[in-house]
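One structure is given here, and the rest of the page talks about it.
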Amino acid sequence: MAAITDEQVETVRALVASVPSGAVTTYGDIADAAGLPSPRIVAWIMRTDSSDLPWHRVIRASGRPAPHLATRQLERLRAEGVLARDGRIALAEYRHTF
DNA sequence: TTGGTGACTTATT
DNA sequence: TAATAAGCCACCA
């Protein structure tokens with residue numbers, strides 16, 4: 001089985017790192033840009049690989065970060081200029097496309 | 001090998 | 001808008 005390649009992981013990291021402050025992106029976008037077969041893979045990379053990358057700029061398609069990190073990420077994003085409405089981020093406004 | 005789990009997405013109700 | 005179901009891929013015990 002192909003499993004995932006280091007290159008794919010590195011691509012994901014590069015994409016996340018390329019997201020400017022004040023902008024956010026979704027797992028699906030990263031997965032698509034990195035050529036990953038499923039967005040879940042992106043989540044797996046984040047969970048396993050703890051890097052200095054701004055993971056807080058990566059949110060779900062619903063415009064809402066993960067439940068356990070939501071509070072932290074939302075606060076961090078707010079500090080960067082990403083205003084959340086009712087705990088939800090305006091993807092249409094802050095979504096960063098590659 | 002099998003089954004359970006997860007920082008997901010989309011579609012349907 | 002929220003809740004549920006199914007699909008999806010990789011990791012771990």
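Keep in mind the model is a prediction, meaning the values are calculated, not measured. Every chain is numbered from 1, with letters handed out A, B, ... down the list of sequences.
- Using a 4.0 Å heavy-atom criterion, one finds that A/R47 contacts the bases of the nucleic acid, with or without backbone contacts as well.
- Counting heavy atoms from C-beta on, the side chains of A/R78 and A/L83 come closer than 4.5 Å.
- For A/I45 and B/dT5, the CD1 to P distance is 22 Å, given to the nearest whole Å.
- Atoms CD1 (A/I4) and P (C/dC12) sit 13 Å apart, rounded to a whole Å.
- Residue A/L36 contributes atom CG, which lies 12 Å from atom P of C/dC11 at whole-angstrom precision.
- Atom CG in A/D32 sits roughly 15 Å away from atom C1' in B/dT10 (whole-Å rounding).
- Under the 4.5 Å side-chain criterion, counting only non-hydrogen atoms from C-beta, A/W55 is not in contact with A/L69.
- Residue A/R88 is in sugar-phosphate contact alone, with no base atom involved, counting any heavy-atom pair closer than 4.0 Å across all strands shown.
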Checklist entry - Does the pair A/R57 and A/L77 meet the rule for a side chain to side chain contact (heavy atoms under 4.5 Å, CB included), with working shown? => result CA-CA 7 Å; A/R57 289 185 192 141; A/L77 289 169; 4.1 Å; yes
Would you tabulate the nitrogen or oxygen pairs shorter than 3.5 Å linking the protein to nucleotides 4-9 of chain C?
{"from": "C/dG7", "atom 1": "O6", "to": "A/R40", "atom 2": "NH1", "distance (Å)": "3.4"}

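- Side-chain atoms of A/P65 and A/H56, non-hydrogen and from C-beta on, never get closer than 4.5 Å to each other.
- Remark: C1' of B/dT10 and OH of A/Y27 are 17 Å apart, rounded to the nearest angstrom.
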Give the table of side-chain donor-acceptor pairs shorter than 3.5 Å for residues 84-93 of chain A, with sequence neighbours excluded, one pair per line with atom names and distance.
none

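- If you take CG of A/D86 and C1' of C/dT1, they are 11 Å apart, rounded to a whole angstrom.
- If you take CH2 of A/W44 and P of C/dC12, they are 8 Å apart, rounded to a whole angstrom.
- Following rounding to the nearest Å, A/L77 (CG) and B/dA7 (P) show an atom-to-atom distance of 18 Å.
- When distances are taken from the side chain of A/M46 to each of B/dA7, B/dT10, C/dC11, the shortest belongs to B/dA7.
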Item to check | Working for ring pair (Phe, Tyr, Trp, His ring centres under 6.0 Å), residues A/H96 and A/F98 | outcome: CA-CA 7 Å; A/H96 175 70; A/F98 299 103; 5.3 Å; yes
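- Checking side-chain atoms of A/T5 against main-chain N and O of A/Q8 turns up no donor-acceptor pair under 3.5 Å.
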